[in-house]
Amino acid sequence: DVKVTQSSRYLVKRTGEKVFLECVQDMDHENMFWYRQDPGLGLRLIYFSYDVKMKEKGDIPEGYSVSREKKERFSLILESASTNQTSMYLCASRRGGDGEETQYFGPGTRLLVL
Amino acid sequence: AQKITQTQPGMFVQEKEAVTLDCTYDTSDPSYGLFWYKQPSSGEMIFLIYQGSYDQQNATEGRYSLNFQKARKSANLVISASQLGDSAMYFCAMRRPRGGNKLTFGTGTQLKVEL
């Protein structure tokens, strides 16, 4: 079974702090994704990586950056956390190529910025 | 731009009854894929079913089936014989035609199964 793990289930940070959210997958997937989920808005793509050291902005990249130094690990960075970044963050991974291959999701990190 | 619309913010269904969750999509590309995911209160997204735009038959996976009406651009999820464990948030998503592996999600439908 594919396993996607996220470093924290719950996180509380203060405004202005630098925040790291870590995601690890064990299936050698090429593609990894970071989403945020907010009530009434569904999931919105923040960043996407299709290979080591390769990244692409999603729909809402402002205020975020990412790092992918190893294939299995994709980190989301909030350079200076703000209260409007309080949200649920979901990481996903997928094998490369088109077609019906699904994205596999981690359990999510609920981030509260005070 | 691609768009997914789920017009039902919440639904109730009685145990053992069937329920349909609506999903409409908007794209001008002939090649696309549609997914349904379930998100229980624990937060993890669980893949349920996939339909490709060129698939001739509606997708089925156990108690889940996808009512794909291409001309109407709808991809409704049908859950037969509902169980209490089906209570969750359900998301419809579309693989972006030229977006590689990126997905566009709807806003979700909260399903509550009652005794």
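The chains referred to below are lettered A, B, ... by the order of the sequence lines, with proteins before strands, and numbering in each begins at 1. What's counted below: heavy atoms across the whole structure, side chains too, no hydrogens, waters or symmetry copies.
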More than 12 heavy atoms from other groups under 6.0 Å of [atom1] on [X]:
X: B:K3; atom1: NZ; answer: no
X: A:R44; atom1: CZ; answer: yes
X: B:K73; atom1: NZ; answer: yes

Contact part of [X] toward chain A, heavy-atom cut-off under 4.5 Å: side chain, backbone, both or neither?
X: B:Q51; result: neither
X: B:I46; result: neither
X: B:Y32; result: neither

At a heavy-atom separation under 4.5 Å, does [X] approach chain B through its side chain, its backbone, both, or neither?
X: A:Y35; value: side chain
X: A:D38; value: neither
X: A:R110; value: side chain
X: A:L41; value: backbone
X: A:Q37; value: side chain

Is there a path of hydrophobic side-chain contacts, each under 4.5 Å between heavy atoms of I, L, V, M, F, W or Y residues, that connects [X] with [Y]?
X: A:V19; Y: A:M88; value: no
X: A:Y10; Y: A:V24; value: no
X: B:Y54; Y: B:Y50; value: no

Give every donor-acceptor pair under 3.5 Å between a side-chain atom in residues 68-78 of chain A and any protein atom, sequence neighbours left out.
{"from": "A:R68", "atom 1": "NE", "to": "A:K71", "atom 2": "O", "distance (Å)": "3.2"}
{"from": "A:R68", "atom 1": "NH1", "to": "A:E30", "atom 2": "O", "distance (Å)": "2.6"}
{"from": "A:R68", "atom 1": "NH1", "to": "A:S49", "atom 2": "O", "distance (Å)": "3.4"}
{"from": "A:R68", "atom 1": "NH1", "to": "A:S49", "atom 2": "OG", "distance (Å)": "3.0"}
{"from": "A:R68", "atom 1": "NH2", "to": "A:H29", "atom 2": "O", "distance (Å)": "3.1"}
{"from": "A:R68", "atom 1": "NH2", "to": "A:E30", "atom 2": "O", "distance (Å)": "3.1"}
{"from": "A:R68", "atom 1": "NH2", "to": "A:K71", "atom 2": "O", "distance (Å)": "2.6"}
{"from": "A:E69", "atom 1": "OE1", "to": "A:K53", "atom 2": "NZ", "distance (Å)": "2.4"}
{"from": "A:K71", "atom 1": "NZ", "to": "A:D28", "atom 2": "O", "distance (Å)": "3.4"}
{"from": "A:K71", "atom 1": "NZ", "to": "A:D28", "atom 2": "OD1", "distance (Å)": "3.2"}
{"from": "A:K71", "atom 1": "NZ", "to": "A:D28", "atom 2": "OD2", "distance (Å)": "3.4"}
{"from": "A:S75", "atom 1": "OG", "to": "A:E22", "atom 2": "OE1", "distance (Å)": "2.7"}
{"from": "A:S75", "atom 1": "OG", "to": "A:E22", "atom 2": "OE2", "distance (Å)": "3.4"}

- [ ] Over all heavy atoms of both residues, which pair between B:R95 and A:R94 is shortest? Give the atoms and the distance, please.
- [x] CD-NH2, 4.4 Å
Task: Minimum heavy-atom distance between A:F105 and B:E44, given as atom pair plus value - done: O-OE2, 3.8 Å
Show the atom names and distances, to 0.1 Å, of all donor-acceptor pairs under 3.5 Å that link a side chain in residues 60-67 of chain A to residues at least two apart or in another chain.
{"from": "A:Y64", "atom 1": "OH", "to": "A:R36", "atom 2": "NH1", "distance (Å)": "2.9"}
{"from": "A:Y64", "atom 1": "OH", "to": "A:Y89", "atom 2": "OH", "distance (Å)": "2.7"}
{"from": "A:S65", "atom 1": "OG", "to": "A:E79", "atom 2": "OE2", "distance (Å)": "3.0"}

Open item on the list: To the closest 0.5 Å, what do you measure between CG (A:L90) and CZ (B:F105)?
Closed with: 8.5 Å
Task: A:D59 side, atom CG; B:T104 side, atom OG1 - distance, nearest 0.5 Å - done: 6.5 Å
